[in-house]
Amino acid sequence: MSLGRQMLIAAALLAGFAVAGTGLVAWTQYQTADRIAENQRQTLLDRLNQILPAAAYDNELVDDTLALDAPILGGQPPQTVYRARRRGQPVAAIFTVVAPNGYSGPIRLLVGVYRSGELAGVRVVGHAETPGLGDAVESEKSDWIHGFQGKRLGDPPAQAWKVRKDGGAFDQFTGATITPRAVVAAVKRTLEYHAAHREAIYAAPAERAPDPRPELANPANERGGADVR
């Protein structure tokens with residue numbers, strides 16, 4: 001067999017393997033796409049239910065969304081709001097919020113607010129704060145974040161929506177005041193936005209939410225994929 005013929009056969013074999021490999025990857029992706037999407041949806045729902053129990057509403061929370069362009073909520077628009085209803089009546093709204101002034105960068109939050117204006121709960125879903133200091137904002141690291149539950153505008157008074165070091169009602173962490181200060185301010189801004197736009201938030205027709213952000217769809221990205229310092 002000539003050298004040229006050998007090279008032609010080898011090239012054909014390589015091309016065949018490449019086509020077969022590409023086809024196998026495409027087939028696997030096609031077969032698992034629905035399962036991956038459902039897993040991401042369930043992960044997002046689990047996160048939302050950490051703030052608002054499933055028994056509190058009877059609509060499809062993940063699908064009843066509104067996309068906002070609200071700079072006060074931080075981050076790049078659209079900021080997604082998940083709306084909970086029971087028997088067609090508004091129950092609560094869960095906002096995706098960014099506190100832009102954390103010690104090591106933006107802190108991403110989910111802030112749940114009942115229609116009455118009472119906080120259902122707050123969770124940190126992405127940050128780059130210092131391990132052992134600023135990361136106490138995570139519910140897995142301390143109970144600090146649970147202290148927001150049941151608070152509202154006026155409770156504490158407006159001037160007390162600060163950390164204690166600044167004369168407010170909220171504890172700070174030893175050696176890490178900037179992180180809780182940023183979270184407290186972001187939660188207060190969310191309450192103010194909800195109070196100002198409550199009726200419009202619940203009345204607007206549902207919009208298709210963008211794909212869940214990685215930190216919402218994958219718990220492994222708790223810190224949003226950022227370096228931890």
Side-chain angles (χ1 to χ4, degrees), residues 34-68 70 73-86 90-100 102 105-115 118-129 131 134-151 179-180 182-184 186-187 189-191 193-194 201-202 206-226 228:
D34 289 346
R35 189 186 308 170
I36 292 172
E38 180 56 30
N39 287 343
Q40 290 180 334
R41 177 186 175 89
Q42 187 58 51
T43 299
L44 171 60
L45 185 59
D46 291 344
R47 287 240 167 183
L48 298 175
N49 285 341
Q50 290 179 14
I51 295 175
L52 189 69
Y57 60 92
D58 59 10
N59 66 322
E60 293 292 338
L61 183 58
V62 173
D63 296 329
D64 194 345
T65 61
L66 185 63
L68 301 177
L73 298 178
Q76 295 296 317
Q79 295 103 339
T80 303
V81 182
Y82 301 92
R83 300 174 297 185
R85 307 177 195 272
R86 189 173 181 81
V91 172
I94 301 178
F95 296 81
T96 55
V97 176
V98 174
I107 302 170
R108 287 180 285 276
L109 307 165
L110 287 173
V111 180
V113 187
Y114 287 113
R115 187 177 185 279
E118 177 183 323
L119 277 168
V122 180
R123 291 293 185 276
V124 172
V125 295
H127 72 83
E129 302 300 280
D135 64 352
V137 292
E138 295 179 25
S139 62
E140 293 82 0
K141 302 293 177 62
S142 82
D143 290 332
W144 182 83
I145 202 75
H146 297 288
F148 288 105
Q149 190 170 350
K151 302 294 186 185
T179 306
V183 174
V184 170
V187 173
R189 289 195 296 269
T190 306
L191 286 174
Y193 184 87
H194 179 267
I201 289 170
Y202 294 112
E207 302 173 0
R208 183 185 181 279
D211 292 337
R213 296 177 185 275
E215 65 270 21
L216 294 179
N218 184 358
N221 291 322
E222 178 69 29
R223 294 187 173 83
V228 178

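Both backbone and side-chain heavy atoms feed into the values below; hydrogens, waters and symmetry mates do not. The structure presented is a predicted model; accordingly, all values stated were derived computationally and were not measured.
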I would like to know whether His127 and Glu138 meet side chain to side chain contact (heavy atoms under 4.5 Å, CB included); could you show each step before the answer?
-> CA-CA 9 Å; His127 72 83; Glu138 295 179 25; 2.6 Å; yes
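- In this structure, Leu48 CG and Thr43 OG1 are separated by 11.0 Å, a value rounded to the nearest 0.5 Å.
- Under the 3.5 Å distance criterion, the side-chain polar atoms of Gln79 are matched with a main-chain donor or acceptor of Ala70.
- For the residue pair Ala93 and Ile201, the shortest heavy atom distance occurs at CB-CG2, 4.3 Å.
- Shortest non-hydrogen contact noted between Arg189 and Pro100 is NH2-CD, 3.7 Å.
- Applying the 6.0 Å contact sphere to CD of Gln50 captures more than 12 heavy atoms from other residues, nucleotides or ligands.
- Contact record, Val124 with Val137: CG2-O, 3.6 Å, taken as the closest heavy-atom pair.
- If you take CZ on Phe95 and CZ on Arg83, they are separated by 10.5 Å, rounding to the nearest 0.5 Å.
- With Arg85 as the fixed residue, the side chain to side chain donor-acceptor pair (under 3.5 Å) test singles out one of Asp58, Asp64, Asn59: Asp64.
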Step by step, work out the side chain to side chain contact (heavy atoms under 4.5 Å, CB included) result for Val98 and Arg108.
-> CA-CA 4 Å; Val98 174; Arg108 287 180 285 276; 3.8 Å; yes
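- One N or O on the side chain of Thr96 and one on the backbone of Thr80 form a donor-acceptor pair closer than 3.5 Å.
- Judged purely by atom type and a 3.5 angstrom limit, Arg41 has no side-chain atom pairing as donor or acceptor with the backbone of Val62.
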List the steps, then state whether side chain to side chain contact (heavy atoms under 4.5 Å, CB included) holds for Ile51 with Val122.
-> CA-CA 7 Å; Ile51 295 175; Val122 180; over 6 Å; no
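- Looking at Arg86, its side chain does come within 3.5 Å of a backbone N or O of Ala55 through a donor-acceptor pair.
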Give the intermediate values and the outcome of side chain to side chain contact (heavy atoms under 4.5 Å, CB included) for residues Leu66 and Tyr202.
-> CA-CA 9 Å; Leu66 185 63; Tyr202 294 112; over 6 Å; no
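- A side-chain donor-acceptor contact under 3.5 Å links Asp46 and Gln42.
- Looking at heavy atoms from C-beta onward, Ser139 lies in side-chain contact with His146 at the 4.5 angstrom threshold.
- Remark: Ile145 CD1 to Leu110 CG distance equals 10.5 Å, nearest 0.5 Å.
- The CD1 atom of Ile94 sits 13.0 Å away from atom CG of Leu109, with the distance rounded to the nearest 0.5 Å.
- Across Tyr82 and Leu61, no two heavy atoms sit closer than the pair CD2-O, 3.7 Å.
- Nearest approach of Thr179 to Gly134, heavy atoms of both residues: CG2-O, 3.6 Å.
- Minimum heavy-atom separation, Arg115 to His194: O-CE1, 3.6 Å.
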